[in-house]
Amino acid sequence: MSNAFEYIDRNAERVFSDIAKAKEKSPYGQNVTLLAATKYACAEEINYLCNNCGVHDIGENRVQQLLEKYDKLDKDKMNIHFIGSLQKNKVKYIIDKVCLIHSVDSVELACEINKCAKKIGRVMDILVEINIGREESKGGIMPEQTEKFLEEISAFEHVRVRGIMTMAPKTDEKAEYRKYFAETYNIFIDILQKKLHNIYEPVLSMGMSNSFPEAISEGATLVRVGSALFEHN
Ligand SMILES: *Cc1c(COP(=O)(O)O)cnc(C)c1O
């Protein structure tokens, strides 16, 4: 019987195998979650991936796209994350739909998440996004601001920081990627020791299709992979 989604099987198999190889090279022995970044995928593809290929975490980076796909998703088969930059006025649309917001980079945004989470009686897990390449075009706080930022949002009782996220600058040099990921790992360890020592299963979200093996060897616990899972080949 022909299977229209066979390419997803093949892609997932390859990505899982690359993750396993990278874990062998990691000195940290960490568990790694594969999150499927779903901006290139329709609901049917996402459902196929989560029902058949061993992926249980997906991430949308646009609120509108998440809302459009939401009703069609097999939600009991997946944890839905929000991974893109988030406008304050859209928090209310996703607060009851996602398990983790990866991209918190302002006190105002954290404050709004706190308010919306309180309203529905939940505590929202978040990651602090760090702009490790100091790129003007990108969101995220500057690396040296991390500790201060954590202090500033620590009063929000309906927000729980689970770790950090970064988007490394695009490059063709694998060594460049490793440098940015290693820097991010150091910040992660530093704040775990100082601020987040009692956090359950801390998350270090870094690495995409062209960089996830490097991210894993530098300590990532979650990689966000889009095109490598959904491309037709
Ligand atoms: C699209 C996206 C990814 C995945 O990118 P690929 O290069 O397709 O793997 C990861 N993180 C975020 C925030 C994204 O928007």
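Both ligands and their constituent atoms are indexed starting at 1 by order of listing.
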**Study point:** Sidechain N-carboxylate O distance under 4.0 Å for Arg178, Glu214
**Key:** no
Review point. Can we say Lys88 and Glu108 salt-bridge, meaning some charged N sits less than 4.0 Å from an Asp/Glu carboxylate O?
Key: no
Per-atom contacts of ligand 1 with [X], taking only distances under 4.0 Å to non-hydrogen atoms:
X	result
Ser209	6 (P), 7 (O), 8 (O), 9 (O)
Val225	9 (O)
Ser227	6 (P), 7 (O), 8 (O), 9 (O)

Practice item. Could you tell me whether Asn210 and ligand 1 have an N or O pair separated by under 3.5 Å? Key: no
Check your understanding: Under 3.5 Å between some N or O of ligand 1 and some N or O of Ala37?
Key -> no
Exercise for review: Take the angle between the ring planes of Tyr7 and His232 and call it parallel below 30°, perpendicular above 60°, tilted in between.
Suggested key: parallel
Check your understanding: Parallel, tilted or perpendicular for Phe181 and Tyr177, by the 30°/60° rule?
Key -> parallel
Practice item. Give the intermediate values and the outcome of side-chain contact (heavy atoms from CB on, under 4.5 Å) for residues Met78 and Asn47. Key: CA-CA 9 Å; Met78 59 186 75; Asn47 288 339; 3.4 Å; yes
Review point. Using heavy atoms and a threshold below 4.0 Å, how should the contact between His102 and ligand 1 be classified: side chain, backbone, both, or neither?
Key: neither
Check your understanding: For ligand 1, which part of Asn61 has a heavy atom less than 4.0 Å away: the side chain, the backbone, both, or neither?
Key -> side chain
Exercise for review: Show the numbers, then the answer: is there a side-chain contact (heavy atoms from CB on, under 4.5 Å) between Lys75 and Tyr70?
Suggested key: CA-CA 8 Å; Lys75 289 177 281 290; Tyr70 191 73; 3.3 Å; yes
Point to revise | Distance-only donor-acceptor check, side chains Lys77 and Asn51, under 3.5 Å | key: yes
Practice item. Distance to 0.1 Å, residue and atom name: give those for the protein heavy atom nearest to atom 12 (C) of ligand 1. Key: Ile83 CD1, 3.6 Å
Practice item. Give the residue, atom name and distance (to 0.1 Å) of the protein heavy atom nearest atom 10 (C) of ligand 1. Key: Met208 SD, 3.1 Å
Review point. Judged by non-hydrogen atoms, does Tyr40 sit under 4.0 Å from ligand 1?
Key: yes
Review point. Out of Met167, Arg224, Lys39, Met206, whose heavy atom is nearest to atom 2 (C) of ligand 1?
Key: Lys39
Review point. Which distance, rounded to the nearest 0.5 Å, do you find between the NE2 of His102 and the CD1 of Ile126?
Key: 11.5 Å
